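First the proteins, then the strands, lettered A, B, ... as listed; each starts at 1. Just so it is clear, the values below take in all heavy atoms, side chains as well, and ignore hydrogens, waters and symmetry mates. Computed from a prediction, not measured in an experiment: that's the story for all the values here.
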Amino acid sequence: MPELPEVETTRRSLQPHVVGARIAAVTVRERRLRRPLDDDFERRLFGRQITALERRGKYLLFRLEDGDTLLVHLGMSGSLELMKAGTPLAVHDHVVLIFDRDLQMVFNDPRRFGLMRLGHADDFAELRNVGRDSLSSAPSVDEWRGLTRGRKLAIKNLLMDQRVLGGVGNIYASEMLFLAGVRPGRRAATLTRAELTRLADAMRAVLERAVELGGSSISDYRDANGNAGYFQIHHAVYDRDGQPCAKCTTPIKRVVQSGRSSFYCPKCQR
DNA sequence: ATATGCACCTGTGTGC
DNA sequence: TGCACACAGGTGCATA
């Protein structure tokens with residue numbers, strides 16, 4: 001479910017409550033996530049204080065006082081929610097951290113594609129596959145030339161390749177390509193300098209606006225305090241196939257690309 | 001090296 | 001109502 005704007009919204013809503021908090025209890029109800037939770041997960045977290053909360057692409061990093069890190073990925077359907085300690089748990093609430101301040105943080109994930117993992121500092125195999133952050137260090141036009149040179153894959157697939165760019169997923173890839181006027185199926189190497197310029201601008205505009213609006217709440221995404229995001233109201237193409245393009249009224253098309261839905265305006269995007 | 005297809009899960013919506 | 005099927009914000013591995 002969550003892409004960069006949703007993960008960043010979760011981070012911002014958690015940060016003031018969890019940084020400085022000490023973990024007073026850990027409850028695990030389901031260890032089978034994307035990979036099984038380590039046997040010593042609870043023991044290693046117990047009693048530790050959170051010193052910072054960072055984000056890289058779609059990953060959250062809870063820094064602990066002694067140099068360890070709790071790495072969290074929300075997968076397709078994961079969420080982190082804060083609530084009063086002792087609040088009864090719901091279905092798919094898999095992991096609960098109770099803090100020293102009448103507060104608990106619950107990891108809920110129906111599909112269990114999410115990840116929770118303890119390790120030292122940034123020493124995670126998962127992070128080695130995450131490239132530059134698409135919000136805080138988006139590529140310049142010249143860098144885009146290098147990233148696309150010789151690449152035969154579709155530009156949308158390149159945008160979603162986390163090794164190239166951390167944070168862009170299926171919704172925001174379609175949205176930024178609409179804003180840039182580029183079809184999702186265009187081979188990356190064929191984009192002109194003008195198109196790459198528009199794409200670089202569109203990436204910043206879409207991601208910044210989405211974060212301002214708290215991400216996209218399509219079915220049930222909420223931030224850590226239970227608040228919905230509002231960027232879905234501004235989706236120009238995502239999940240709007242058949243509806244008129246806001247710019248030219250041509251019906252939006254849906255195509256399947258590498259097994260994922262892509263949405264675009266056949267007239268505005270070339 | 002590069003690109004694609006599928007598996008991993010549960011829930012929801014649609015059509016018969 | 002029941003059932004089958006398609007599809008959903010992601011990633012990793014196997015295969016050409």
Just checking [X]: base, sugar-phosphate only, or nothing, at a heavy-atom cut-off of under 4.0 Å?
{"X": "A:Leu153", "result": "sugar-phosphate"}
{"X": "A:Glu6", "result": "nothing"}
{"X": "A:Gly169", "result": "sugar-phosphate"}

Measuring from the side chain of [X] (C-beta onward, heavy atoms only), which nucleotide among [options] has the closest atom?
{"X": "A:Asn170", "options": "B:dG11, B:dA3, C:dG10", "answer": "C:dG10"}
{"X": "A:Ser258", "options": "B:dG11, C:dT11, B:dT4", "answer": "B:dT4"}
{"X": "A:His92", "options": "B:dA3, C:dA8, B:dG11", "answer": "B:dG11"}
{"X": "A:Arg34", "options": "C:dG12, B:dA3, C:dA8", "answer": "C:dG12"}
{"X": "A:Tyr238", "options": "C:dA8, C:dG12, C:dG10", "answer": "C:dA8"}
{"X": "A:Arg151", "options": "B:dT2, C:dG12, C:dG10", "answer": "B:dT2"}
{"X": "A:Ser261", "options": "B:dT4, C:dC7, B:dT10", "answer": "C:dC7"}

For [X] and [Y], test the side chains for any donor-to-acceptor distance below 3.5 angstrom and give the result as yes or no.
{"X": "A:Arg63", "Y": "A:Thr69", "value": "yes"}
{"X": "A:Tyr221", "Y": "A:Thr10", "value": "yes"}
{"X": "A:Thr9", "Y": "A:Asp223", "value": "no"}

In whole angstrom, give the distance that lies between atom [atom1] of [X] and atom [atom2] of [N].
{"X": "A:Ile171", "N": "C:dC7", "atom1": "CD1", "atom2": "C1'", "value": "14 Å"}
{"X": "A:Leu147", "N": "B:dT2", "atom1": "CG", "atom2": "C1'", "value": "15 Å"}
{"X": "A:Glu30", "N": "B:dT10", "atom1": "CD", "atom2": "P", "value": "9 Å"}
{"X": "A:Arg260", "N": "B:dA3", "atom1": "CZ", "atom2": "C1'", "value": "16 Å"}
{"X": "A:Leu33", "N": "B:dC9", "atom1": "CG", "atom2": "C1'", "value": "11 Å"}
{"X": "A:Asp109", "N": "B:dC9", "atom1": "CG", "atom2": "P", "value": "12 Å"}
{"X": "A:Lys156", "N": "B:dA3", "atom1": "NZ", "atom2": "P", "value": "16 Å"}
{"X": "A:Asp161", "N": "B:dA1", "atom1": "CG", "atom2": "P", "value": "14 Å"}

Output yes when at least one side-chain N/O atom of [X] is less than 4.0 Å from OP1 or OP2 of [N], else no.
{"X": "A:Gln162", "N": "C:dG10", "result": "no"}
{"X": "A:Arg254", "N": "C:dC7", "result": "yes"}
{"X": "A:Arg112", "N": "B:dT10", "result": "yes"}
{"X": "A:Lys152", "N": "B:dA3", "result": "no"}

Among A:Thr190, A:Leu177, A:Leu199, side-chain contact (heavy atoms from CB on, under 4.5 Å) partner for A:Val182:
A:Leu177
Would you say A:Phe113 stacks on C:dT11, if stacking means ring centres under 5.5 Å apart and planes within less than 30 degrees?
no
Aromatic ring centroids of A:Tyr172 and A:Phe231 under 6.0 Å?
yes
Return the nucleotide paired to C:dT1: Watson-Crick means purine N1 to pyrimidine N3 with N6-O4 or O6-N4, wobble means G-U with N1-O2 and O6-N3, both under 3.5 Å.
none
Assigned partner base of B:dG11, Watson-Crick or wobble definition, under 3.5 Å:
C:dC7
Hey, can you tell me if A:Phe263 and A:Tyr238 have their rings parallel, tilted or perpendicular (30° and 60° cut-offs)?
perpendicular
Euclidean distance for P, B:dC9 against C:dC3 (whole angstrom)
24 Å
Does A:His120, at its NE2 atom, have more than 12 non-hydrogen atoms belonging to other residues, nucleotides or ligands within less than 6.0 Å?
no
Return the 5'-most residue of the pair A:Met76, A:Glu126 with respect to DNA chain C, ranking by each residue's nearest nucleotide.
A:Met76
